[in-house]
Amino acid sequence: MKILGLIGSYRKLGNTEVLVKEALMEAQQRGAEVSVLRLTDLRIDPCKGCMACAFKQEDCLIPDGWRTFRDKLLESDAVILGAPTYLLGPAGIIKMITDRNIAFQSRAIEHAGKPGAIIGVSGVLGWEPFTLPMLNVFM
């Protein structure tokens, strides 16, 4: 099983990265092949809302790092997504990739049943009400 760890934090080696890597290490000890992708290392531009990907099954025309992300996601058998909490919700990169994933909607049945886990990190109680729901939206 190939498990992809997605790190949605701008802080390299911060709490989010540490926790995602801990989860991956446990999976690796149980025999999984693991890899890590720092989403913030990619330049992900906003979705333009043209909907060509969703309704015409065309490849997204935005020339950025989304294809790299998409390919890694498609190669994996399972995903662990982690993100820190900023103001009430996860870092903005999570919204960017969630919006861009509309390209998967026309092919959602192909990906049904792929296991996933989320890790939301928050240092201040009460500041995290949208972090876990937004990470679940991605899943």
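Asp64 is linked by a salt bridge (Lys or Arg N to Asp or Glu O under 4.0 Å) to Arg100, counting only residues two or more places apart in sequence or in another chain. Partners of Arg67 according to the side chain to side chain contact (heavy atoms under 4.5 Å, CB included) rule, which considers only residues two or more places apart in sequence or in another chain, are Asp59, Arg70. Taking Glu128 as the reference, nothing meets the salt bridge (Lys or Arg N to Asp or Glu O under 4.0 Å) condition, with sequence neighbours excluded. With sequence neighbours excluded, the residues forming a side chain to side chain contact (heavy atoms under 4.5 Å, CB included) with Arg30 are Glu26, listed by chain and number. Partners of Lys12 according to the salt bridge (Lys or Arg N to Asp or Glu O under 4.0 Å) rule, which considers only residues two or more places apart in sequence or in another chain, are Asp41. By the side chain to side chain contact (heavy atoms under 4.5 Å, CB included) test, Ala117 is found to be paired with Ile80, residues two or more places apart in sequence or in another chain being considered. Scanning for side chain to side chain contact (heavy atoms under 4.5 Å, CB included) contacts around Gln28 gives Val34, with sequence neighbours left out.
If you chain together ILVMFWY residues whose side-chain heavy atoms come under 4.5 Å of each other, Leu13 ends up in a group of its own. Taking Ile, Leu, Val, Met, Phe, Trp and Tyr as hydrophobic and joining them when side-chain heavy atoms fall under 4.5 Å apart, one finds Met25 isolated, its cluster having no other members.
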Under 3.5 Å, which donor-acceptor pairs do the side chains of residues 82-96 form with other protein atoms, sequence neighbours left out?
unit_1	atom_1	unit_2	atom_2	d
Thr85	OG1	Val121	O	2.9
Thr85	OG1	Thr131	OG1	2.7
Lys95	NZ	Asp99	OD1	2.6
Lys95	NZ	Asp99	OD2	3.2

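Leu4 and Met139 end up in the same hydrophobic cluster when Ile, Leu, Val, Met, Phe, Trp and Tyr side chains are linked at under 4.5 Å. Hydrophobic clustering of Ile, Leu, Val, Met, Phe, Trp and Tyr side chains at less than 4.5 Å, counting indirect connections, unites Val79 with Phe69. If you chain together hydrophobic residues whose side chains sit under 4.5 Å apart, Leu37 and Ile7 never meet in one group. In this structure, Leu39 is a member of the same hydrophobic cluster as Leu132, with clusters built from ILVMFWY side-chain heavy atoms closer than 4.5 Å. Hydrophobic clustering of Ile, Leu, Val, Met, Phe, Trp and Tyr side chains at less than 4.5 Å, counting indirect connections, unites Val124 with Phe130.
Evaluation of the salt bridge (charged side-chain N to carboxylate O under 4.0 Å, His left out) test over residues 76-88, restricted to residues two or more places apart or in two chains, returns none. Residue pairs meeting the side-chain hydrogen bond (donor to acceptor under 3.5 Å, both in side chains) criterion with at least one member in residues 1-10, sequence neighbours excluded, do not occur.
Arg38 has its side chain within reach of Glu17: a pair of non-hydrogen atoms, C-beta onward, lies under 4.5 Å apart. Inter-residue side-chain proximity for Leu42 and Trp66 is flagged as unmet; no heavy-atom pair is nearer than 4.5 Å. Met51 places a side-chain heavy atom less than 4.5 Å from the side chain of Ile102. The shortest side-chain heavy-atom distance between Leu24 and Ile3 falls under the 4.5 Å cut-off.
With respect to Leu6, the side chain to side chain contact (heavy atoms under 4.5 Å, CB included) criterion is satisfied by exactly one of Val20, Leu135, Leu81: Leu81.
Between Pro63 and Arg43, the shortest heavy-atom contact is O-NH2, 2.7 Å.
Side chain of Lys114 to main chain of Leu73: a donor-acceptor pair is present (N/O by atom type, distance under 3.5 Å, no hydrogens or angles).
Distance NZ/Lys48 to SG/Cys53: 13.0 Å, rounded to 0.5 Å.
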